[in-house]
Amino acid sequence: MNITTLSICSTCRDGKDEILKKRGGQRLLENILASFKDKNISFLNYREVRCMSQCKRSCVISFTSNNCFTYVFGDIDPNNPKYVKSLLVLLNTYSKSKEGFLRRRDRPELFKSNILGRLPSIKSKSSIVTNL
């Protein structure tokens with residue numbers, strides 16, 4: 001199982017910031033930490049990032065592991081608990097996969113269409129990567 005680092009953008013705005021008095025990214029971060037804290041997820045490290053430069057597709061997360069693909073997802077609704085539940089499923093699948101490679105069909109429904117990027121590691125041996 002790969003040790004995975006989950007990065008959460010805490011400064012994303014979701015249009016509800018004024019009403020709820022807290023940015024969407026901060027609410028997402030708090031919801032993820034609160035939901036995951038009692039689950040004893042030993043393969044996961046967390047970090048807050050104060051801007052991941054995806055303002056048009058907020059709220060944003062990314063995850064990566066050593067010598068694995070890095071994934072970036074946006075358009076996450078911080079007020080929808082289904083995203084947090086689906087994220088845990090996604091992270092479990094990722095941590096067990098070879099090189100962290102996930103096909104679209106391997107991802108929960110909520111994370112099939114909001115992918116912003118899949119970046120191979122420098123040492124990737126994946127068949128989708130060709131050195132020129």
Side-chain angles (χ1 to χ4, degrees):
M1 183 171 278
N2 301 318
I3 300 297
T4 302
T5 297
L6 172 64
S7 299
I8 307 156
C9 181
S10 63
T11 58
C12 283
R13 295 179 182 271
D14 69 343
K16 298 176 184 169
D17 313 312
E18 295 297 319
I19 297 166
L20 299 175
K21 306 295 184 213
K22 194 178 286 187
R23 289 189 178 202
Q26 186 64 40
R27 292 192 319 271
L28 179 62
L29 182 139
E30 291 172 4
N31 290 342
I32 288 170
L33 293 179
S35 180
F36 288 11
K37 88 173 180 182
D38 295 331
K39 300 211 179 344
N40 191 22
I41 306 168
S42 60
F43 68 88
L44 193 57
N45 295 317
Y46 308 89
R47 65 183 183 174
E48 174 184 2
V49 180
R50 288 179 206 89
C51 191
M52 293 173 69
S53 294
Q54 293 292 325
C55 300
K56 292 185 184 213
R57 301 287 305 269
S58 65
C59 294
V60 176
I61 61 159
S62 70
F63 49 88
T64 193
S65 294
N66 286 333
N67 299 317
C68 289
F69 280 81
T70 296
Y71 286 83
V72 183
F73 290 91
D75 302 324
I76 298 171
D77 180 351
N79 302 311
N80 183 345
K82 291 179 182 178
Y83 273 101
V84 175
K85 289 179 184 176
S86 292
L87 177 58
L88 184 55
V89 172
L90 180 65
L91 291 168
N92 271 309
T93 303
Y94 174 80
S95 70
K96 295 173 186 171
S97 64
K98 183 179 180 191
E99 278 196 75
F101 185 80
L102 299 172
R103 293 180 302 271
R104 187 175 195 276
R105 68 176 178 249
D106 297 332
R107 301 190 308 256
E109 196 62 40
L110 286 174
F111 287 96
K112 286 186 177 177
S113 63
N114 62 344
I115 189 167
L116 304 180
R118 175 177 60 201
L119 312 166
S121 75
I122 295 296
K123 297 179 181 179
S124 180
K125 296 186 183 347
S126 173
S127 62
I128 70 166
V129 177
T130 304
N131 290 325
L132 302 176

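Expressed to the nearest 0.5 Å, how far CG of Leu116 lies from CD of Gln54 amounts to 5.0 Å. The line from OG1 of Thr11 to CD of Glu48 is 8.5 Å long, rounded to the nearest 0.5 Å. Taking SG from Cys12 and CG from Leu28, the interatomic distance works out to 8.0 Å, rounded to the nearest 0.5 Å. The CG atom of Asn92 sits 4.0 Å away from atom CZ of Phe43, with the distance rounded to the nearest 0.5 Å.
Considering only residues two or more places apart in sequence or on other chains, Lys112 meets the side-chain contact (heavy atoms from CB on, under 4.5 Å) condition with Arg104, Arg107, Glu109.
For residues 112-132, no pair satisfies ring-ring contact (aromatic ring centres under 6.0 Å, His included), with sequence neighbours left out. Listed by first and then second residue, the ring-ring contact (aromatic ring centres under 6.0 Å, His included) pairs that reach into residues 100-132 are Phe69-Phe101, Phe73-Phe111, Tyr83-Phe111, sequence neighbours excluded. Among pairs with a residue in residues 55-81, those fulfilling salt bridge (charged side-chain N to carboxylate O under 4.0 Å, His left out) read Arg57-Asp75, at least two apart in sequence or across chains.
Considering Gln26, Arg47, Glu30 as possible partners of Ser10, the one that fulfils the side chain to side chain contact (heavy atoms under 4.5 Å, CB included) test is Gln26.
Checking side-chain atoms of Ser58 against main-chain N and O of Arg13 turns up a donor-acceptor pair under 3.5 Å. A distance-only check finds no donor-acceptor pair linking the side chain of Arg27 to the backbone of Asn79 [under 3.5 Å]. Formation of a donor-acceptor pair under 3.5 Å by the Ser35 side chain with backbone atoms of Asn31 is not found in this model. Side-chain N or O atoms of Asp17 include one that pairs as donor or acceptor with a backbone N or O of Gly24 at under 3.5 Å.
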List the atom pairs, with distances to 0.1 Å, where a side-chain N or O of residues 122-132 and a protein N or O form a donor-acceptor pair under 3.5 Å, not counting sequence neighbours.
unit_1 : atom_1 : unit_2 : atom_2 : d
Ser124 : OG     : Glu99  : OE1    : 2.8
Ser124 : OG     : Ser126 : N      : 3.1
Ser126 : OG     : Ile128 : N      : 3.2

Could you give the side-chain donor-acceptor pairs of residues 59-67 under 3.5 Å, partners two or more places apart or in another chain?
unit_1 : atom_1 : unit_2 : atom_2 : d
Thr64  : OG1    : Thr70  : OG1    : 2.6
Ser65  : OG     : Ile3   : O      : 2.8
Ser65  : OG     : Thr4   : OG1    : 3.1

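Residues Leu44 and Val84 are members of one and the same hydrophobic cluster, defined by side-chain heavy-atom contacts under 4.5 angstrom among Ile, Leu, Val, Met, Phe, Trp and Tyr. In the hydrophobic clustering of this structure, Leu91 does not group with Val89; members are Ile, Leu, Val, Met, Phe, Trp, Tyr whose side-chain heavy atoms approach within less than 4.5 Å, directly or through other members. One hydrophobic cluster, built from ILVMFWY side chains closer than 4.5 Å, holds both Val72 and Val49. Ile76 and Leu110 fall within a single hydrophobic cluster, where Ile, Leu, Val, Met, Phe, Trp and Tyr are joined by side-chain heavy atoms under 4.5 Å apart, directly or via other members.
Using a 4.5 Å cut-off on side-chain heavy atoms (C-beta onward), Leu6 and Leu87 make contact. Side-chain contact check for Tyr71 versus Leu90: every heavy-atom pair is 4.5 Å or farther apart. Side-chain contact between Asp14 and Pro78: present, with at least one pair of heavy atoms (C-beta onward) separated by less than 4.5 Å.
Between Tyr94 and Cys68 the shortest heavy-atom distance is OH-CB, 3.5 Å.
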